[in-house]
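The model shown is predicted, which means the values in this text are computed figures rather than measured ones. Numbered from 1 within each chain, the chains take letters A, B, ... in sequence-line order.
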4 protein chains.
Amino acid sequence: MARSSTIARVHAAVLELAAEHGPTSLTMEGIASRAGIGKQTLYRSWPGVPAVLFDALLAHGDAPGSDGARADGDLAHQLEDLLVAATEEISTEPHASLLRALAAVIQTDESVAREYRTRLLEPQLAQVHDVLRAAGSSEPERAAELLMAPVVYRWFLRLPPMTTEQLVRHVEDVLALTDRD
Amino acid sequence: MARSSTIARVHAAVLELAAEHGPTSLTMEGIASRAGIGKQTLYRSWPGVPAVLFDALLAHGDAPGSDGARADGDLAHQLEDLLVAATEEISTEPHASLLRALAAVIQTDESVAREYRTRLLEPQLAQVHDVLRAAGSSEPERAAELLMAPVVYRWFLRLPPMTTEQLVRHVEDVLALTDRD
Amino acid sequence: MARSSTIARVHAAVLELAAEHGPTSLTMEGIASRAGIGKQTLYRSWPGVPAVLFDALLAHGDAPGSDGARADGDLAHQLEDLLVAATEEISTEPHASLLRALAAVIQTDESVAREYRTRLLEPQLAQVHDVLRAAGSSEPERAAELLMAPVVYRWFLRLPPMTTEQLVRHVEDVLALTDRD
Amino acid sequence: MARSSTIARVHAAVLELAAEHGPTSLTMEGIASRAGIGKQTLYRSWPGVPAVLFDALLAHGDAPGSDGARADGDLAHQLEDLLVAATEEISTEPHASLLRALAAVIQTDESVAREYRTRLLEPQLAQVHDVLRAAGSSEPERAAELLMAPVVYRWFLRLPPMTTEQLVRHVEDVLALTDRD
DNA sequence: TCTTAAACGAGACGGTACGTCAAGTCTTCGC
DNA sequence: GCGAAGACTTGACGTACCGTCTCGTTTAAGA
């Protein structure tokens with residue numbers, strides 16, 4: 001396995017490149033160069049750019065929504081917090097560029113898509129499930145998808161993110177649907 | 001500008017390559033080679049891969065939902081038809097590969113994203129708006145987004161597309177929300 | 001046949017390009033563009049760059065040494081005048097660039113070399129022959145070559161041209177050889 | 001820098017291409033292809049065709065006149081040997097094609113001309129200087145130029161090379177001039 | 001004067017080569 | 001003998017010219 005100093009340098013290089021030059025700059029060549037290591041050293045530990053991205057994301061506290069959530073708030077407030085956290089995460093550097101680069105690869109590589117879902121998406125959705133289930137929702141999966149879909153959809157198509165007001169309204173609506181069942 | 005036979009050959013080449021080798025094979029070099037034209041001929045008419053993709057998509061009847069829609073059906077049925085059409089379009093070759101390639105570029109090129117929204121997304125949303133507005137919906141934009149978001153979200157993250165039953169349920173739910181207002 | 005105005009425009013374009021951007025800029029594409037004519041018009045009258053160069057050179061008084069020669073001077077002075085004229089011609093724009101471009105093509109195209117010898121070199125040598133023959137030289141061809149060779153040699157290898165003093169000395173030496181015979 | 005096997009393959013490719021298809025075939029693309037190496041490998045070690053040519057020439061015993069010179073012969077014979085060797089070198093493949101290609105570039109690229117003079121011409125002239133100086137010539141540079149100029153002049157203009165008889169006579173004449181001083 | 005054929009500008013076309021960049025593999029050498 | 005450095009093959013990038021080939025449009029006769 002690679003030395004921990006090598007790993008740290010790679011992570012730092014990825015974050016720097018993402019923040020400075022955007023998602024396009026994230027190439028194996030560029031990362032190795034910026035980290036000051038040989039290309040083979042990079043390939044020895046990670047098979048390609050997406051693997052490095054996952055590592056960098058997970059290593060840098062990619063636990064969205066876990067911070068500052070009003071654990072004691074009511075159901076709606078907790079969901080609002082989760083969505084606000086997700087919205088902020090995907091629009092703040094260097095996470096924004098990393099996720100953007102990942103999103104591009106997801107489109108052309110099914111295995112990356114699968115890994116994204118298991119390592120990043122599902123943990124995030126699980127939080128929403130938990131809140132919904134705690135509130136007695138009959139179909140937490142469906143409700144969670146309804147909650148998250150517009151957020152992801154807008155980010156994916158580079159539409160302006162939902163404002164806080166829109167998010168509040170959105171949570172309210174989805175909860176109304178759940179109650180209706 | 002370009003001769004119509006040239007354009008036709010380029011479109012054919014794009015569709016063939018997309019169907020045969022997937023989104024990754026869509027390079028300017030490959031398209032020119034498959035179409036049997038010079039690279040400069042390609043670059044003279046299209047600045048890059050995304051431009052060729054837009055042209056090929058729009059030229060091949062990219063008017064989703066317009067075919068077979070039950071224009072005389074009731075509101076819910078019309079919306080179901082639109083969503084089913086959209087779902088099928090994004091999962092059927094060669095459209096699937098072309099859109100997938102486009103989705104990848106959208107992630108790293110804001111101008112492509114803008115062009116996608118204007119030339120492909122908005123016409124599609126407009127159809128939904130029209131149906132909703134005809135039904136007296138107070139907020140057709142919001143409802144349309146709620147309808148489309150899960151479809152795009154699943155496609156984008158390569159989750160299995162919604163089944164017809166799920167789509168029917170989804171339309172029903174969103175309409176219930178609209179009525180609730 | 002080409003219209004005279006076309007020919008004139010081509011000649012003008014060649015001289016301008018040669019003077020402004022050097023020998024490298026002399027391409028069929030560039031000449032047509034600068035002359036404001038179609039490429040086919042150019043190719044209709046000239047098969048390639050060298051042909052245009054010959055035409056432009058011959059049309060612009062490429063009769064080196066004919067001007068200002070002291071026709072009544074003695075033998076040595078007349079030869080000096082011829083060599084000085086040749087030296088100046090090959091180092092003054094736009095002739096310098098045209099000849100330089102021609103020299104490049106001569107290296108890779110035997111037919112251009114032949115045409116150069118008959119249309120440009122031999123007339124020039126003939127002048128030297130005439131003077132030498134008038135002076136009773138027994139081998140005017142050999143003497144002419146001895147006279148011209150260092151001038152061409154230096155120009156070809158981009159060495160500094162002979163100074164007037166060196167030229168005078170050179171003529172003197174060659175004449176001494178001729179007399180020696 | 002480059003691996004020695006790479007360099008060897010490049011040199012071989014250059015000689016083969018020059019001998020088979022003449023100076024025109026010497027392109028970076030063609031050399032890389034024939035050598036079975038990547039273009040980037042070629043560009044990493046040589047900035048362009050002329051650099052490759054210099055290397056190939058210098059690597060293949062480009063020490064003209066050094067072989068078979070009658071070191072113990074008298075002055076005239078040594079000079080004749082040098083000139084004969086030079087004449088043969090420039091008219092024998094594959095050197096002929098390499099030098100021809102170089103000659104073309106010299107016409108349009110001053111830096112190549114400079115490098116040619118330093119790396120190929122001056123060593124050759126130095127040999128002539130040495131012989132002349134050993135013979136007590138008062139102006140070895142001028143005499144050397146006088147000796148070489150007709151040889152280069154004829155080669156450059158693609159005139160038939162001097163016959164051995166002409167060379168002998170030429171050496172005799174130049175020596176007579178030197179003695180005259 | 002009308003017409004008709006040429007010469008024309010414009011530029012699309014299939015190609016070849018340019019020089020650069022990144023991918024992923026393989027080699028060399030120092031610690 | 002492991003790992004950093006970097007040379008390697010491959011192939012796409014976008015550009016410049018090449019020489020050929022239509023397109024309509026002048027232009028300059030001859031009828």
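Taking atom OH of residue C:Tyr43 and atom P of nucleotide E:dG9, one finds them 15 Å apart after rounding to whole Å. Put simply, NE2 on D:His21 is 14 Å from P on E:dT16, counting in whole angstrom units. Residue B:Trp46 contributes atom CH2, which lies 12 Å from atom P of E:dA12 at whole-angstrom precision. Rounding to whole angstrom units, CD1 of residue D:Ile31 and C1' of E:dC18 are separated by 13 Å. Atom P of nucleotide F:dG14 and atom CG of B:Leu42 are separated by 10 Å, given to the nearest angstrom. Atom P of nucleotide F:dC17 and atom CG of C:Leu17 are separated by 11 Å, given to the nearest angstrom. Residue C:Ile37 contributes atom CD1, which lies 17 Å from atom P of F:dT26 at whole-angstrom precision. Rounded to whole Å, the distance from CE on C:Met28 to C1' on F:dA16 is 16 Å.
Evaluation of atom-type donor-acceptor distances gives no pair under 3.5 Å for the side chain of D:Gln40 against the base of F:dC8. The base of F:dG19 lies close enough to the side chain of C:Lys39 for a donor and an acceptor atom to sit less than 3.5 Å apart.
Taking the charged nitrogens against the carboxylate oxygens, A:Arg34 and A:Glu20 do have a contact shorter than 4.0 Å, which makes a salt bridge. The residues B:Glu110 and B:Arg117 are annotated as salt-bridged, a charged nitrogen and a carboxylate oxygen being separated by less than 4.0 angstrom.
The 5' end of DNA chain F is approached more closely, in terms of each residue's nearest nucleotide, by D:Arg3 than by the other of B:Glu29 and D:Arg3. Map A:Gly48 and C:Ala35 each onto its nearest nucleotide of DNA chain E; the residue landing nearer the 5' end is C:Ala35. Between C:Leu26 and D:Ala2, the residue anchored nearer the 5' end of DNA chain F, judged by the nucleotide with its closest heavy atom, is D:Ala2.
One finds a side-chain N or O of D:Arg44 lying less than 4.0 angstrom from the OP1 or OP2 phosphate oxygen of F:dC8. Taking side-chain N and O atoms only, C:Arg9 has a distance below 4.0 Å to OP1 or OP2 of E:dG9. Dashed line: the shortest gap from a side-chain N or O of A:Thr41 to OP1 or OP2 of F:dA4 is under 4.0 Å. Between A:Thr27 and E:dC21, a side-chain N or O to OP1/OP2 separation shorter than 4.0 Å is absent.
Residues B:Ser97 and B:Glu93 have side chains that bring a donor and an acceptor to within less than 3.5 angstrom of each other.
Side-chain atoms of D:Thr108 do not come within 3.5 Å of backbone N or O of C:Thr24 as any donor-acceptor pair.
Using a 4.0 Å heavy-atom criterion, one finds that B:Ala32 contacts no nucleic acid atom at all. Residue-level contact check: A:Gly36 touches the backbone only, with heavy atoms under 4.0 Å from sugar-phosphate atoms and none from bases.
Scanning both residues, A:Trp155 and A:Leu99, for their nearest heavy atoms gives CH2-O, 3.6 Å.
If you check E:dC18, E:dC8, E:dC13 against the side chain of B:Thr6, the one that comes closest is E:dC13.
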